[in-house]
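Here the structure is laid out as structure tokens; the discussion comes afterwards.
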Amino acid sequence: VRQFSHEVRSPLSVVMTYIDFLAEDLGEEIFYAHKKEFEIIKSSARRILKTTEAFLDESVIDAGLYKPEWEIVDLETDEFIGKVFDEYKLFAELKGLKFECVNTARNGKIYTDKYSLSLVISNLLDNAIKYTKEGSVVLRAFNEDDKVVVQVEDTGKGMSADFRKK
């Protein structure tokens, strides 16, 4: 698993670094004419990196080695929710989807493992965008009774009843 991680991360780091070098060498005029293409390449490289990290995380969890870092995360501010949202904005735009973040959470302080929560929300957003052919994806944070709810809503086809039972 470590070797796999190294074999994927190292070339991706090189690709992302050379994209930046190439952008600098081309000059502003050419770079801005192809800015979207550069963003697509970097976004795709980041997705591969995130997928690799998710695979490694699952291996660590399966081996019983994961140690959560518990802390207070304030979902009322857009710092946490907005950061996760921003990571998927370009992916949604490239598919032509309407992508929104609606955060009405108040008193949104929760005690959680920030990394795990981010990973769960990221997986939900990734699947929602991936399986929504047209329409919209909305990331919501709101209060319900005495809880803060984070929800991803999309206009995709949804999961079959059989799949949901798993």
Side-chain angles (χ1 to χ4, degrees), residues 1 4-5 8-9 11-13 15-17 19-20 23 35-62 65-159 163-164 166:
V1 172
F4 171 79
S5 169
V8 172
R9 285 182 177 166
L12 276 176
S13 294
V15 167
M16 292 175 75
T17 300
I19 289 168
D20 291 335
K35 185 177 180 187
K36 188 169 187 170
E37 289 85 355
F38 280 106
E39 288 175 353
I40 291 168
I41 294 167
K42 284 190 88 165
S43 176
S44 296
R46 280 193 295 270
R47 285 196 65 210
I48 293 169
L49 194 56
K50 283 187 90 154
T51 301
T52 302
E53 289 170 353
F55 169 76
L56 294 172
D57 291 342
E58 191 170 322
S59 299
V60 169
I61 290 168
D62 287 348
L65 301 173
Y66 183 72
K67 304 281 188 263
E69 293 181 23
W70 299 100
E71 62 185 293
I72 294 174
V73 175
D74 189 355
L75 297 180
E76 184 175 347
T77 69
D78 282 331
E79 184 177 323
F80 179 80
I81 294 289
K83 186 175 178 185
V84 177
F85 174 80
D86 287 343
E87 290 177 14
Y88 288 88
K89 194 181 295 186
L90 182 60
F91 183 30
E93 286 175 8
L94 291 173
K95 285 197 68 179
L97 300 174
K98 182 178 180 185
F99 191 48
E100 293 180 88
C101 181
V102 180
N103 185 355
T104 60
R106 298 297 168 253
N107 300 318
K109 291 182 180 171
I110 61 171
Y111 191 61
T112 187
D113 177 38
K114 187 187 264 187
Y115 177 76
S116 295
L117 180 60
S118 176
L119 191 60
V120 168
I121 297 169
S122 292
N123 286 339
L124 291 171
L125 286 173
D126 190 65
N127 284 337
I129 295 167
K130 190 184 312 179
Y131 295 110
T132 301
K133 294 190 186 313
E134 59 184 349
S136 63
V137 174
V138 181
L139 172 60
R140 296 181 196 283
F142 58 93
N143 297 90
E144 187 174 279
D145 301 323
D146 61 343
K147 297 178 182 87
V148 177
V149 177
V150 177
Q151 176 184 72
V152 175
E153 179 182 310
D154 64 73
T155 57
K157 66 180 183 173
M159 295 182 279
F163 187 82
R164 282 190 296 243
K166 296 178 185 183

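Residues D86 and K89 are paired through a salt bridge, judged by an N-O separation under 4.0 Å between the basic side chain and the carboxylate. Classification of K114 and E69 as a salt-bridged pair fails, no side-chain N sitting under 4.0 Å from a carboxylate O.
The shortest non-hydrogen separation linking A128 to V152 is CB-CG1, 3.7 Å. For the pair V148 and G108, the tightest heavy-atom approach, listed with the atom from each and the gap, is CG2-CA, 3.6 Å. The shortest heavy-atom contact between E87 and S122 is OE1-OG, 4.2 Å. In plain terms, the two heavy atoms of K98 and E100 that are nearest each other are CE-OE2, 3.5 Å.
Side chain of T155 to main chain of E134: a donor-acceptor pair is present (N/O by atom type, distance under 3.5 Å, no hydrogens or angles). In this structure, the side chain of E76 engages the main chain of N107 through a donor-acceptor pair within 3.5 Å. Under the 3.5 Å distance criterion, the side-chain polar atoms of N143 are matched with a main-chain donor or acceptor of R106. With hydrogens and angles disregarded, a donor-acceptor distance shorter than 3.5 Å links the side chain of K95 to the backbone of K130.
Between F99 and F91, the ring centre distance reaches or exceeds 6.0 Å.
How far CZ of F85 is from CG of L125: 8.5 Å, rounded to the nearest 0.5 Å. Annotation: the span from Y88 atom OH to D126 atom CG amounts to 4.5 Å, rounded to 0.5 Å. Distance check: I19 CD1 to F38 CZ gives 7.5 Å after rounding to the nearest 0.5 Å. Remark: I110 CD1 to K147 NZ distance equals 13.0 Å, nearest 0.5 Å. With rounding to the nearest 0.5 angstrom, the CZ atom of R140 is 10.0 Å from the SG atom of C101. I81 contributes atom CD1, which lies 5.0 Å from atom CG of L75 (distance to the nearest 0.5 angstrom).
Considering L117, V150, D74 as possible partners of F80, the one that fulfils the side chain to side chain contact (heavy atoms under 4.5 Å, CB included) test is L117.
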- Evaluation steps, side-chain hydrogen bond (donor to acceptor under 3.5 Å, both in side chains), between D154 and Y131: CA-CA 9 Å; D154 64 73; Y131 295 110; over 6 Å; no
- Please walk me through it: do V102 and L139 pass side-chain contact (heavy atoms from CB on, under 4.5 Å)? CA-CA 6 Å; V102 180; L139 172 60; over 6 Å; no
